[in-house]
Amino acid sequence: MISRKTLSVAVLSAGTMLAAPVAHAEQIVLKFWDNQQTESGLSVFQQEAVKRFEEENPDIKVEVTTIPYPEYQQRLLTAVQAGNGPDVSTVDQIWNAAFAEAGAILSLDDMIEGTSISGDAFFPGAWESANYNGNLWGVPFNVDVWFFAFVNKDLFEEAGVDPATISTWEGLEAAAPKLTDPATGRYAIGLTGNKSEYPVVMTNSLIYSNGGTVLDENGKCALTQPEAIEALEYYKRMAEYAPAGILNAPNEPMRELFLNGTLAIELWPALEQPALEKSEIDWDVYAGFAPEGKTAVGTFGGWNLVVYKGTEHQEAALKFVEFMTREDVNGDVVDLIPANVNAASTFLQENRAKPDMMLEHLNNAKPRPLSTQYLQVSEIQQNMVQNFLSGSASVSDAAAAACAAIDGL
Amino acid sequence: MRSSKRNSELWIAFGFMMPAAILVSVLMYWPMVDTFRESLFASSFINPTPEYVGFETYRRILADPVFWQILRNSVVWTMGVVLLQNVVGFFIALLLNQQLPGQGILRSLVLLPWVLPGVVVAILWRFMYDPQLGLVNSFLMRFGAIDRGIGWLAEPSIAMAAVIFVAFWKGFPFSTVIFLAALQNVDKEQIEAAKVDGAGPVRRLIDVVIPAIAPVAAVNVLLTTILTFNYFDIIYVLTRGGPLNKTAIFPTRIYEVGFGQFRFGEAAAYGTISVLVLVLVVASLMMFRFFGYKEVRS
Amino acid sequence: MTRHAKRLRIAGLSVLQIVVAALVLLPFFWMLSVSFKPATEAFAIPAELWPRNPTLENYVLALRPEFRRYFLNSMIVSGATLAITIPLGLLAAYSLSRFQYRILSVFLAMVVLAQFFPAGAMIIPIYKIVRSAGLLDTYASLIIAYITVTLPVAIWMMRGFLMRVPRTLEEAAAIDGASPLRAFVDIVIPLARPGIVATSVFVLIVTWQEFLFALSFTSSKEMRTLPVGMNDYIGQYGVRYGELMASSVMISVPVIAVFFFLQRQFVAGLTAGAVKG
């Protein structure tokens, strides 16, 4: 079975792709799936790391499948649902609980004993996202934070505003009108409000920064708490200074506007930096914004490595997970920031502006609700944001409706 | 002798039909039956051993205001695209049927939108519609029609019209070509006769041309209705059903619930309902066609 | 009509011609334009229809080995689908156009009703069938799925056409001792040629664009088709519009070329055939 599959892969790739070496009969073949999130040549880096892994473990061969981000969710879900998934894959933090509940992946608590995998090696928010119902269901692979605030220094100078003032809500609110002029196509801040995860992570970050939360300890909706309402009101007020068309705005056009020099503040994970370095924009970066006297708290994003129940090679799979999250490897195989703190620290020092600020923002970031029904919670939050941004409901009414829906799940 | 001829006829009638029937049964009917069966279970990704709940999921869907919004949207979307596509498509066919210079090239050009893949059309138009970066606003601003960018896909009151326009743009060439073919089949002598009787161009259109192509128009409308109702790519790429669910239709909802939220049972129920809705839509169209014929005859 | 009025009429209609051409061509031209623009220019405000510093860079980048592979895959899948759909469809259409058994109308209704089914809800059941047949990630899975999609329309189009081929010719052949099959091959098929061409063009266009099945049944990079391959340019954190548009142009070229050469026959085929619905 395995050899037939390998053979067909080899035959298929013979033409134009890298020819896959035919595996020896006694070799274990691990199927690993990941998705490509940025323009980087991720699959090339991963191939190199995989070669290293195969040298360290000559009896294991890893077949890497790199899937474009927009189709990853459907492909992975279809394959897993039909019992045809890979041995190891990345899953979005927000899917981890659902995959655990579905019985699709293995609980790793017993398995990691005797390996180098342990919670203190990873960012707390990331490790938390891999835990569900008191068990560990994955190992953090990569992380990033929604959001860092990238600023266009020239636009701030033109408007006579000091970019450092935007790190408080009050400062940003005072600066925003000066940075906005629809007649010349200038806008202060790239906010989103379309049907996607973007408005959720953006509003979450404001809520967290104001000391609020989405679900409280009992799993009840906390969006009607004053901290959350204030944050949502603030988002709504700031939307006045965002580019037109916010209700269908994902992040992508905001980035293009920042890169063409008409948007003063871009909210984006740290991974934006390489694109900015290639551009002619004179930029700087800050760790989000918080009300005066509070600390900005970001929303965690990222991917965990999971091992599927259907795998026949549990041990090999875990070995691979351990390898990919190791301090000396993790930084070479991710698109985002390594989830391994030491690897991340090295990575940030080498690759990012203000590495200490970024590390701190990563350390205090909070994950999104760890619920098996997170995706429904998220849809309700998306509707809530659209409701109050469009003016079809006040912020408090929209939040009350959202809480009724979330608590009714 | 007679019976052997009948036998061979039977053999041809069924034998020729069989491969198509088997394929459609295995790859369309069986999955549809499976989908229906799935809809009777409380099945979702997080519930690997779902219990039988009968029509409970249907009851829940029907009680959800979102369902009624989607139903309304689906009807508006389908009717909007079908009407625009066929009415405008018909008039463009009339134009292309005239003796004019440059017609040959125009007849080929008009087909361009139809041959572009749907995903490409959608990405192209998302860019065209972009409030800041798009060509549509840039043009309107240049000609002074507007003074600041409009979010075509972001305004809850315009978004549906904007997505309908894109589907129309992609789909009208098909209607035009079929109408063009039908127009070329209209009996020239009848038109000449009407001319002799003193009928102007509008009269000739109403009295001769439209009755002659009515059957083609009916088939065209039916076909585009079915295709449009189930058309997924354009809305999914342009708006994902937003803003405020104003552009959510059955196919986008099914995908969103199933693959976006891992709730397969509910997606299956939505799928089953969507078939019933489409059957109703098509049935009412056929009634309309039937009455239409009666009128023409009397 | 006076000469003056005639001229006025032609002028008016020519204006309409230009309006129609603009409606069709402007978006298409914009796509071409973006594909020739360097990245910085594609997102300039205000948007310009004409590239200022045209470059071939996007095309060079887009013509990766993967793209060539996807192209080949699309050709193979579309070609094979065509090669199977047309004969199968022709047989079924012939049966439907010549015989009046009730069961045949049931078949026809069944085929039409299948068009009502929502593909999105059926992906996982179909995936399971394809998987149990051991066909995941193969050309065969796509070819079979595409035949299912195109066959009903092909049957419908060719049936309309065959109904116009007079029966008397086959009856004459039968009297001359030809078997029904012989009569079908020697007489009906040659007469049905324009209808076959029209249907083929239709089938090609539909399969060349298909996205959902191609996405669902293939997993390896080696098996992706062109429309699915477009996703390579769309990351979670970045869309490469220039290359995306350059690839879109290149995807469209073959279909446009086929259409350009077969346009006359396509319209003629429709005139003679499907129109009779």
Side-chain angles (χ1 to χ4, degrees), chain B residues 8-9 12-13 16-17 19-21 23-24 27-28 31-32 34-35 92 95 98 100 102 106 108-113 115-120 123-124 128 132-135 138 141 177-178 180-182 184-185 215-216 219 226 230 232-233 250-251 254-255 258 267-268 271 274-275 278-279, chain C residues 10 13-14 16-17 20-21 24-25 27-28 30-31 43 45-47 49 88 91-92 94-95 99 101 104 107 110-111 114-122 124-126 129 144-145 147-148 151 155 180 205 209 211 227 230 241 244 248 251-252 255-256 259-260 263 267 270-271 274-275 277:
Chain B
S8 85
E9 223 185 76
I12 291 175
F16 280 19
M17 193 68 209
L23 209 57
V24 172
L27 277 174
M28 303 294 283
M32 191 62 225
D34 208 24
T35 301
I92 293 177
L95 176 67
Q98 306 295 318
L100 289 171
L106 195 56
S108 308
L109 283 182
V110 133
L111 287 153
L112 273 178
V115 302
L116 287 179
V119 185
V120 172
I123 293 172
L124 171 64
M128 296 268 301
Q132 281 77 35
L133 303 162
L135 194 64
S138 156
M141 272 151 118
V177 174
I178 299 217
L180 188 59
Q184 290 175 354
N185 261 5
V216 177
V219 172
I226 298 168
N230 278 328
F232 168 79
D233 309 5
F250 279 106
I254 291 166
Y255 191 87
S274 92
V275 175
L278 184 53
V279 166
Chain C
I10 290 186
L13 289 175
S14 304
L16 284 178
Q17 277 185 309
V20 170
V24 169
L25 287 182
F28 194 75
W30 163 256
M31 175 170 118
F43 301 110
I45 295 179
L49 191 53
L88 280 188
L91 291 179
Y94 181 70
S95 174
F99 307 110
Y101 300 108
L104 290 181
F107 275 146
M110 213 179 100
V111 162
Q115 304 305 299
F116 288 36
F117 298 167
M122 302 198 304
I124 290 179
I126 302 180
I129 294 172
I144 293 170
I147 293 169
T148 319
L151 192 55
I155 292 174
I205 287 174
Q209 305 188 3
F211 180 76
M230 305 295 278
Y241 271 106
L244 192 63
S248 301
I251 285 192
S252 316
V255 204
I256 294 171
F259 218 93
F260 186 77
Q263 187 242 131
V267 176
L270 285 174
T271 314
V275 158

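Here the structure is a predicted model, which is why all the values come from computation and not from measurement. Throughout, a chain's letter reflects where its sequence line sits, starting with A, and its residues are numbered from 1.
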Given that the side chain runs from C-beta out, which part of [X] has a heavy atom under 4.5 Å from chain C: side chain, backbone, both or neither?
| X | value |
| --- | --- |
| B:L133 | both |
| B:A267 | backbone |
| B:L106 | side chain |
| B:L135 | both |
| B:L27 | both |
| B:V24 | both |
| B:I92 | side chain |
| B:S108 | both |

If you count heavy-atom pairs under 4.5 Å with chain C, which of [options] comes out on top?
| options | answer |
| --- | --- |
| B:V110, B:L112, B:V119, B:L109 | B:L112 |
| B:V120, B:V279, B:L278 | B:L278 |
| B:L124, B:D34, B:I254 | B:L124 |

Closest non-hydrogen atom pair, [X] against [Y]:
| X | Y | result |
| --- | --- | --- |
| B:L23 | C:T148 | CG-OG1, 4.0 Å |
| C:S95 | B:M17 | OG-CB, 4.3 Å |
| C:I45 | B:Q132 | CG1-O, 3.7 Å |
| C:F116 | B:V275 | O-CG2, 3.8 Å |
| C:A114 | B:M28 | O-CE, 3.3 Å |

Please state whether the side chain, the backbone, both or neither of [X] comes within less than 4.5 Å of a heavy atom of chain B.
| X | value |
| --- | --- |
| C:I129 | side chain |
| C:F99 | side chain |
| C:M230 | side chain |
| C:F43 | both |

Among [options], which has the most heavy-atom pairs under 4.5 Å with chain B?
| options | answer |
| --- | --- |
| C:A121, C:A47, C:A119 | C:A47 |
| C:P125, C:P46, C:P27 | C:P27 |
| C:I126, C:V111, C:L25 | C:I126 |
| C:V20, C:I251, C:I155 | C:V20 |

Query raised in the report: Is there a side-chain contact between B:N230 and C:F117, using heavy atoms and a 4.5 Å cut-off?
Result: no
Query raised in the report: Does a side-chain heavy-atom distance below 4.5 Å link C:S248 with B:L116?
Result: no
Query - Verdict with reasoning, B:D233 to C:Q209, per side-chain contact (heavy atoms from CB on, under 4.5 Å) - result: CA-CA 11 Å; B:D233 309 5; C:Q209 305 188 3; over 6 Å; no
Query raised in the report: How far apart are the C-alpha atoms of C:Y241 and B:I123, what are their side-chain angles, what is the distance that settles it, and do they pass the side-chain contact (heavy atoms from CB on, under 4.5 Å) test?
Result: CA-CA 9 Å; C:Y241 271 106; B:I123 293 172; 4.1 Å; yes
